[in-house]
**Student:** 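Have a look at the structure that comes next, please.
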Number of protein chains: 2
Amino acid sequence: MRGVTGEGHRGAELGRELSTAVVMFHEAVGARLGVSAGDQRALALLDRRGPMSAGELAEATGLTPGAITGMIDRLERAGLVRRETDPADRRRVRVSGTGDGARSEVFQGLAAAMEAVVSRYDEAEQRVIADYVGRVVEVLREQTRKLTATHTR
Amino acid sequence: MRGVTGEGHRGAELGRELSTAVVMFHEAVGARLGVSAGDQRALALLDRRGPMSAGELAEATGLTPGAITGMIDRLERAGLVRRETDPADRRRVRVSGTGDGARSEVFQGLAAAMEAVVSRYDEAEQRVIADYVGRVVEVLREQTRKLTATHTR
DNA sequence: CGATTTAGTTTATTTTAGTGAAATAAATCA
DNA sequence: TGATTTATTTCACTAAAATAAACTAAATCG
């Protein structure tokens, strides 16, 4: 970020490259699976939380129910998500991620590679890395919070 | 990534959280500046490479010339980019990022926070961190390359 | 110089994803 | 049970951003 981050402090410099690489990876995954950024956010939610109802997805993504129906349609058509009526409350729709081939391949490939990177270091080093990553995550969340808080959209 | 990345190996686990945090941060920046993901990609390119012509932007982003004209219009209107005719070849348009207030504030805030994180560690630890981050970036780029290569879009 | 090529813009059109509100159907309340 | 509430879908419409192709202007080739 030449003109943007100022001098090339190492921490910031490192962070910038990493951040760009992450974003580009996500864009590539989206392009590969033919899925939008918003749809990927929903898939990530399902990965993390497990099956959710359409309403929970609406709540979590900030979209209207109508938009969620459309999103589930798309993802179902793409074979990335399964839609079944909740037997306990048949108004509800239970949306769960399928272990779709292409998608899981992508993430397993990444997980394996990340695992390989971490395993190069000894115990103590791994602790440093884990600590660092944890703090970076905190920083990012804090900055994200600031951004969304100030704007009050 | 429950069903997707398999068991909770630490490296992958860490990576997932980090990746989500990065993506959310970028989304927040976009929302704050009122700029789309695609437009942010272009801004990042300008940050990294410095001023580019409209054609170079088209090449780099994979968009058509017409789309680039529209994008430059938007970014210029938002005060994030400057458009000037190249004096050497007056058909060409030289697009350069402005050091826009809001945007540079955001990234300087992040840079400072990242810098603070890194400075917590001693020399040796910082070397480990730098090494790790460098390798992760490589992994991400490699995986991204694979994804875009296979698909041949 | 005139013809051709190159860079970017314009315009008409398409695509995508969203909204808001009405409609449908199931559950719950009195 | 009938009335009401809740969950999702459908439908008509909007907005943003992309495309393809025609157009304009500048550079270069012969």
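Sequence lines set the chain letters: A, B, ... in the order given, protein chains first and strands last, and positions in each chain run from 1.
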**Student:** So what does B/Arg94 hit on the nucleic acid, given a heavy-atom distance under 4.0 Å: a base, only sugar-phosphate, or nothing?
**Tutor:**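 Nothing, no heavy atom under 4.0 Å.
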**Student:** Given D/dA27, D/dT8, D/dA20, which nucleotide is nearest the side-chain atoms of B/Thr64?
**Tutor:**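 The listed nucleotide nearest to B/Thr64's side chain is D/dA20.
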**Student:** What distance separates B/Glu56 CD from B/Ile68 CD1, expressed to the nearest 0.5 Å?
**Tutor:**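 So the CD of B/Glu56 and the CD1 of B/Ile68 are separated by 11.5 Å.
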**Student:** OP1 or OP2 of D/dA18 versus the side-chain N and O atoms of B/Arg74: is any pair under 4.0 Å?
**Tutor:**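 Answer is yes, contact under 4.0 Å.
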**Student:** Do any N or O atoms from the side chain of B/Glu125 and from the backbone of B/Asp122 form a donor-acceptor pair under 3.5 angstrom?
**Tutor:**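 Between the backbone of B/Asp122 and the side chain of B/Glu125 there is a qualifying donor-acceptor contact (under 3.5 Å).
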**Student:** Can you name the nearest heavy-atom pair linking A/Thr61 to A/Arg41, along with the distance?
**Tutor:**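 What the structure gives for the nearest pair is O-NH2, 3.3 Å.
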**Student:** With respect to the phosphate group of D/dT9, does any side-chain polar atom (N or O) of A/Arg83 fall under 4.0 Å of OP1 or OP2?
**Tutor:**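 For D/dT9, OP1/OP2 do have a side-chain N/O of A/Arg83 under 4.0 Å.
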**Student:** If you look at every heavy atom in A/Ala54 and A/Val95, which pair is closest and at what distance?
**Tutor:**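 Scanning both residues completely, I find the closest heavy atoms to be N-CG2, 4.4 Å.
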**Student:** Walk along DNA chain C from 5' to 3' and tell me the first and last nucleotide with an atom closer than 4.0 Å to a non-hydrogen atom of chain B.
**Tutor:**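 Terminal contacting nucleotides, 5' to 3': C/dT6 to C/dT10.
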**Student:** Just call it for A/Ala67: base, sugar-phosphate, or nothing, with non-hydrogen atoms closer than 4.0 Å on any strand.
**Tutor:**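 It contacts base atoms.
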**Student:** If you look at every strand shown and take non-hydrogen atoms under 4.0 Å, does B/Gly70 touch a base, only sugar-phosphate, or nothing?
**Tutor:**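 The residue B/Gly70 makes no contact with any strand.
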**Student:** Got a salt bridge between A/Arg127 and A/Glu123, using NZ or NE/NH1/NH2 to carboxylate O under 4.0 Å?
**Tutor:**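 A salt bridge is present here (some side-chain N lies under 4.0 Å from a carboxylate O).
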**Student:** Any salt bridge linking A/Asp73 with A/Arg83? Criterion: basic side-chain nitrogen under 4.0 Å from a carboxylate oxygen.
**Tutor:**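 Looking at A/Arg83 together with A/Asp73, the answer is yes, because their closest N to O distance falls below 4.0 Å.
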**Student:** Of B/Asp86 and B/Gly62, whose nearest nucleotide on DNA chain D comes first from the 5' end?
**Tutor:**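 Nearer the 5' end of the strand: B/Gly62.
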